[in-house]
S.K.: 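Mind looking over this structure? Questions follow.
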Number of protein chains: 2
Amino acid sequence: MDKVQADAKARRAGNGGRAERAAQRDPERTRASILAAATVEFAENGIGGARVDAIAERAGTNKRMLYHYFGDKEQLYLAVLEEAYIGIRTAEKSLNLSDLAPEQGVAELAMFTWKYFLEHPEFLSLLGTENLHRARWLRQSTRLKELHSHFIDKLADLLDRGKAKGLFRVDVDPLNVYLTIAALGYFYLSNQHTLTTIFGRDLMEEASLEAWKRHIVQVTLASIRR
Amino acid sequence: MDKVQADAKARRAGNGGRAERAAQRDPERTRASILAAATVEFAENGIGGARVDAIAERAGTNKRMLYHYFGDKEQLYLAVLEEAYIGIRTAEKSLNLSDLAPEQGVAELAMFTWKYFLEHPEFLSLLGTENLHRARWLRQSTRLKELHSHFIDKLADLLDRGKAKGLFRVDVDPLNVYLTIAALGYFYLSNQHTLTTIFGRDLMEEASLEAWKRHIVQVTLASIRR
DNA sequence: TCACAAAGTAACCGTTTAGTTACTGGCTTG
DNA sequence: CAAGCCAGTAACTAAACGGTTACTTTGTGA
């Protein structure tokens with residue numbers, strides 16, 4: 001039994017031990033439960049493969065509630081996508097690069113990105129789905145357009161400090177650096193299944209993951225050093 | 001009208017100008033036409049979003065022929081995937097790295113991979129779909145398991161020559177180098193839609209593409225040099 | 001305390017979908 | 001040259017699917 005189903009069952013059983021709130025009718029919890037179930041379903045099957053019935057069942061509720069809270073399948077997908085982006089943007093805020101030495105800062109950024117991707121495979125999968133559809137929902141979402149990353153600005157500052165110290169090449173572009181870090185992490189994880197099959201090596205064992213993390217840091221730094 | 005539809009229409013009109021073969025009944029051509037249409041459909045919509053009717057229509061034939069030649073939707077998808085892999089493996093053969101200086105060879109490999117990815121977006125898309133499904137069809141295909149790439153071996157030779165000359169670090173791993181090249185190309189192209197939306201820059205204009213190609217070469221070389 | 005609104009359920013509906021059947025027409029070969 | 005097989009067509013079917021209807025239950029505040 002996965003987490004989502006367990007949650008749903010607990011909810012159905014009445015209140016979950018805490019006396020604060022009678023859990024039999026709990027709109028927020030139902031909504032959240034549907035969203036969590038939809039995240040799993042869309043991440044595992046894509047938008048065309050996801051089944052509305054499967055989401056309702058996973059959430060421990062029924063379709064009527066899903067349509068009640070989210071309108072239709074596409075709007076539910078959009079909500080899932082928005083939540084996923086909010087998740088990474090929120091996590092990004094916890095990373096403070098301005099106190100670090102330039103090289104250390106770039107390394108931290110790379111390791112942060114790697115860790116986030118590793119811990120949130122559903123985010124990578126949703127990105128893949130969204131790109132298959134030419135970012136149709138991302139472009140449509142005003143909420144997500146406002147929610148832009150401040151990573152590039154932070155990284156630009158960091159690189160400028162490194163350039164001033166003569167550590168980094170002056171023609172280094174922050175976007176390129178960020179794309180490099182993201183590319184190395186994304187490809188390794190999102191394509192793990194075909195790569196493992198073709199090269200006959202398990203890329204997901206602890207030692208391989210640790211080695212690839214070091215590789216990302218090393219590659220990124222080597223590419224920007226003067 | 002796209003290429004596939006045009007082909008189908010030409011076929012339907014009788015023979016296509018060449019007198020060699022009466023085109024009214026042409027199993028090979030019908031099969032190829034279905035395969036081409038299916039490649040487009042699966043690449044655009046993924047496996048869950050692809051429609052058998054749409055494939056038949058695109059191919060200028062009907063469903064009966066599709067089931068006649070390929071069995072069912074999944075086997076058709078497998079045929080598409082196999083053909084896509086055969087395509088890249090065939091192209092790889094045209095690349096001869098053994099005559100080149102080590103640095104030149106690595107640069108050529110990087111540029112070849114970039115060019116292939118750029119010219120075959122359907123291959124990237126199919127890879128994405130296949131990974132979403134944990135390489136279910138790739139693992140199933142005996143034909144594809146036999147069709148392994150010789151790139152890693154060729155690259156290993158190249159790197160060894162570079163190491164012997166004192167150009168490359170001795171701890172450089174060929175698989176890592178190949179993954180690095182593939183990652184940088186794959187991510188930039190497959191995620192172009194979300195990236196363009198979020199960063200507000202068109203990554204697909206000629207100058208950007210050229211710059212990223214140079215970036216891949218530079219990053220790869222910088223990461224392996226002693 | 002009861003009326004009302006919102007949460008929740010289950011059975012239902014029309015359409016779309018993958019897959020099939022029953023058939024026609026043309027190419028090859030004994 | 002006819003028999004038989006294979007390419008090809010169109011209409012059909014059963015199941016799955018997204019979405020809705022009609023209804024019940026529960027919490028709340030006048």
Side-chain angles (χ1 to χ4, degrees), chain A residues 7-16 19-35 37-38 41-42 44-80 133 137, chain B residues 7-16 19-35 37-38 41-42 44-80 133 137:
Chain A
D7 282 359
K9 205 156 199 177
R11 187 158 64 81
R12 201 134 312 285
N15 72 49
E20 286 178 57
R21 188 198 270 269
Q24 250 176 325
R25 290 183 66 170
D26 190 337
E28 276 176 53
R29 193 159 178 179
T30 300
R31 214 194 104 101
S33 178
I34 292 168
L35 201 58
E41 181 72 8
F42 283 120
E44 282 182 356
N45 303 296
I47 204 154
R51 294 292 163 251
V52 168
D53 291 275
I55 294 169
E57 201 189 329
R58 258 194 167 116
T61 180
N62 59 68
K63 277 196 288 189
R64 179 69 185 80
M65 289 295 96
L66 190 155
Y67 286 97
H68 179 59
Y69 288 112
F70 296 97
D72 64 13
K73 187 184 177 182
E74 295 203 3
Q75 284 176 268
L76 175 57
Y77 169 76
L78 180 59
V80 165
H133 297 97
W137 285 273
Chain B
D7 280 358
K9 204 158 200 176
R11 189 159 62 83
R12 202 135 311 286
N15 71 50
E20 286 178 57
R21 187 200 271 269
Q24 250 176 326
R25 289 183 65 171
D26 190 337
E28 276 176 54
R29 192 159 179 179
T30 300
R31 213 194 106 101
S33 178
I34 292 169
L35 201 58
E41 180 73 9
F42 283 120
E44 282 181 357
N45 303 297
I47 205 154
R51 295 290 162 253
V52 168
D53 292 275
I55 293 169
E57 201 190 330
R58 258 195 167 115
T61 181
N62 59 69
K63 276 196 291 189
R64 180 67 185 80
M65 289 296 95
L66 189 155
Y67 286 97
H68 179 61
Y69 288 112
F70 296 97
D72 63 14
K73 188 182 176 183
E74 295 202 4
Q75 285 176 267
L76 175 57
Y77 168 76
L78 179 59
V80 165
H133 297 97
W137 285 272

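Reminder, nothing fancy here: chain letters follow the sequence lines and each chain counts from 1. Bear in mind that the values here come from a model prediction, so they are computed numbers and not experimental data. Hydrogens, waters and symmetry mates play no part in the numbers below; they use all other heavy atoms, side chains included.
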S.K.: Please give, in whole Å, the distance from C:dA18 P to B:Glu57 CD?
M.R.: 13 Å

S.K.: Rounding to an integer number of Å, can you tell me how far A:Met65 CE sits from C:dT9 C1'?
M.R.: 8 Å

S.K.: Look at the side chain of A:Asp72 and decide which nucleotide, out of C:dT9, D:dT9, D:dG19, has an atom nearest to it.
M.R.: D:dG19

S.K.: Does A:Thr30 have a side-chain nitrogen or oxygen under 4.0 Å from the phosphate oxygens OP1 or OP2 of C:dA7?
M.R.: no

S.K.: Pick base, sugar-phosphate or nothing for A:Tyr69, based on heavy-atom distances below 4.0 Å to the nucleic acid.
M.R.: sugar-phosphate

S.K.: Determine whether A:Phe42 and A:Lys73 make a side-chain contact, defined as any pair of heavy atoms from C-beta on separated by less than 4.5 Å.
M.R.: yes

S.K.: What is the separation between atom NE2 on B:His68 and atom P on C:dA18, rounded to the nearest whole Å?
M.R.: 20 Å

S.K.: Nearest to the side chain of A:Pro27, which nucleotide is it out of C:dG8, C:dA7, D:dC17?
M.R.: C:dA7

S.K.: When the distance from CG of A:Leu66 to C1' of D:dT20 is rounded to whole Å, what number comes out?
M.R.: 13 Å

S.K.: Tell me the interatomic distance from A:Arg29, atom CZ, to C:dA6, atom P, rounded to whole angstroms.
M.R.: 23 Å

S.K.: Once you round it to whole Å, what is the distance between C1' of D:dG19 and CD1 of A:Ile55?
M.R.: 13 Å

S.K.: Starting at atom NZ of A:Lys63, determine the distance to atom P of C:dC13, rounded to an integer number of angstrom.
M.R.: 13 Å

S.K.: Of all the heavy-atom pairs spanning B:Arg58 and B:Ala37, show the shortest one and how long it is.
M.R.: CB-CB, 3.6 Å

S.K.: Please give, in whole Å, the distance from C:dG19 P to B:Ile34 CD1?
M.R.: 14 Å

S.K.: Identify, between A:Ile47 and A:Arg64, the residue whose nearest nucleotide on DNA chain D lies closer to the 5' end.
M.R.: A:Ile47

S.K.: Can you give me the closest heavy-atom contact between B:Lys63 and B:Ala56, atom names plus distance?
M.R.: N-CB, 3.6 Å

S.K.: Among C:dT9, D:dT9, C:dG19, find the nucleotide with the atom closest to the side chain of A:Asn62.
M.R.: C:dT9

S.K.: Which residue is it: B:Val80, B:Thr61, B:Leu76? I am looking for the one with a side chain to side chain contact (heavy atoms under 4.5 Å, CB included) to B:Ile55.
M.R.: B:Leu76

S.K.: Pick base, sugar-phosphate or nothing for B:Ala50, based on heavy-atom distances below 4.0 Å to the nucleic acid.
M.R.: sugar-phosphate

S.K.: Given C:dT9, D:dG18, D:dT9, which nucleotide is nearest the side-chain atoms of A:Thr61?
M.R.: C:dT9

S.K.: Could you grab the distance from atom CD of A:Glu74 to atom NE2 of A:His133, nearest 0.5 Å is fine?
M.R.: 9.0 Å

